[in-house]
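Down below is the structure, laid out as structure tokens.
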Amino acid sequence: MSKVIDGLPVEHDFYMPGEHAPQEQVWMAWPVRSDNWRNGAKPAQKAFVDVARVIAEETQVVMLVSQSQYKNAREQLPSHIRVIEMSYNDCWMRDMGATCLIHQTQELRRGISWNFNAWGGLVDGLYFPWDLDDLVAEKMLNLMGDDIYDIPMVLEGGSIHTDGEGTLFTTEECLLHPSRNPDMSKQEIENRLKSVLGINKVIWLPNGLYNDETNGHVDNIMHVVKPGEVILTCCDDPNDPQYRISQKALDVLSSETDAKGRTIKVHKIPMPGPLYITEEEAEGVDSSDGMERHAGERLGASYSNFLVTNNLVVYPLLDEHCDEQAKEVLECAFPEHQVVGVKAREILLGGGNIHCITQQIPKVKAG
Ligand code: KQY
């Protein structure tokens, strides 16, 4: 049985490992809502099954599913994928799921439940209500039997990347956005991240990907490979708004050193497209207040939105003109991993990608 722990993780020698550290499981949640996923979420469900199947070749996958979709999900998913019934508002496990921490001895795991407000609450959130999503982290930690730090701060998992050796990457666009923690200064946010995630340096990129509805999550523009190395989405068209955004991120990454004083090696990965919603795609989405799904709207497409899980990198196939080039960059950055692409346009249409729909659970050493 999990309990809520008083005090701060850093006082108890817990820290957030990098995604490249060994993993026990990956959690996902089944897509349902028809004002985000076109055609009653059927095409997205197929893409989620494809992602889950590939991950499950290396790491156990747990899929959360709402009561009414249990039978449908269970029938579509292979039997080695565990399906657990849970209520939630949408299905972005990276953002509503727990952030897991490991003790310095590597023998114990705990988790964080942040406040979740659907990427902006009443200021510019994408839907209301979000109360069921906000409970998912606590429920999953209970199911895992991991103790919980309940941190009173709005934060989504996709807005941070860590290298497991003291460095955290984020964007000013998201973490300083008035819809997240308007009462905290930049310094207060840094201090809170340090005491909760066991990091000692924050590297602030100015912005995330152009037209990303999360207010610029770092996981849609950049990914940590390992300490001292990152992947960055770059654009070679100076007339594209992404060009300057990526250039500014590159300037920061090239001029900073990480928590251990290393310079940071940047692998540039091409930007797909630019990609836009088609009329047919837009027509399949029910209208709602928060999420814009109009024909011709630019999609926040990025190959950086991949998952690293044990010996595998699972990346989104988004544009046949550059999918192969993206794979080559990933294979060069991850020479020990198998790099597998999954068709991911249907996930992109929902506003994110493979990293956003997954949450890894780090492995602890047997005590
Ligand atoms: O990118 C993410 N981490 C989540 C995207 C949420 C989009 C909701 N429509």
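Counting convention: from 1, in listed order, for ligands and their atoms alike. No hydrogens, no waters, no symmetry mates; every other heavy atom, side chains included, goes into these values. For clarity, every value in this text was computed on a predicted model and none was experimentally measured.
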> With a cut-off of 4.0 Å, which atoms of ligand 1 are near a heavy atom of Asp95?
Replying inline: 2 (C), 3 (N), 4 (C)
>> Using a 4.0 Å heavy-atom cut-off, which part of Met291 comes near ligand 1: side chain, backbone, both, or neither?
In response: side chain
> Quick one: which ligand 1 atoms are inside 4.0 Å of a heavy atom on His217?
Replying inline: 2 (C), 3 (N)
>> Looking at every heavy atom in both Pro274 and Asp240, which two are closest together, and how far apart are they?
In response: CG-OD2, 3.9 Å
>> Run the ring-ring contact (aromatic ring centres under 6.0 Å, His included) test on His161 and Phe169 for me, step by step, so that the C-alpha distance in whole Å, both residues' side-chain angles and the decisive distance to 0.1 Å come before the verdict.
In response: CA-CA 5 Å; His161 266 308; Phe169 299 85; 7.7 Å; no
>> Check contact between Tyr127 and ligand 1, using heavy atoms of the residue and a distance below 4.0 angstrom.
In response: no
> Which ligand 1 atoms are under 4.0 Å away from a heavy-atom of Thr214?
Replying inline: 1 (O), 2 (C), 4 (C), 5 (C)
> Any idea which part of Glu213 is under 4.0 Å from ligand 1, heavy-atom wise: side chain, backbone, both or neither?
Replying inline: side chain
> Between Trp37 and Trp92, how do the two ring planes meet: parallel, tilted or perpendicular, split at 30° and 60°?
Replying inline: parallel
> Considering only heavy atoms of Gly350, which atoms of ligand 1 have at least one such atom less than 4.0 Å away?
Replying inline: 7 (C), 8 (C), 9 (N)
> Identify the closest protein heavy atom to atom 5 (C) of ligand 1: which residue and atom is it, and at what distance?
Replying inline: Gly351 O, 3.4 Å
> With hydrophobic residues grouped by side-chain heavy-atom distances under 4.5 Å, do Ile264 and Val225 end up in a single group?
Replying inline: no
>> Using a 4.0 Å cutoff against the non-hydrogen atoms of Leu126, which atoms of ligand 1 qualify?
In response: 7 (C), 8 (C), 9 (N)
> Given that the side chain starts at C-beta and the backbone is N, CA, C, O, which of these parts of Arg33 lies under 4.0 Å from ligand 1, counting heavy atoms, or is it both or neither?
Replying inline: neither
> Are any of the heavy atoms in Cys356 under 4.0 Å away from ligand 1?
Replying inline: yes
>> Less than 4.0 Å is my threshold; does some heavy atom of Asn36 fall inside it relative to ligand 1?
In response: yes
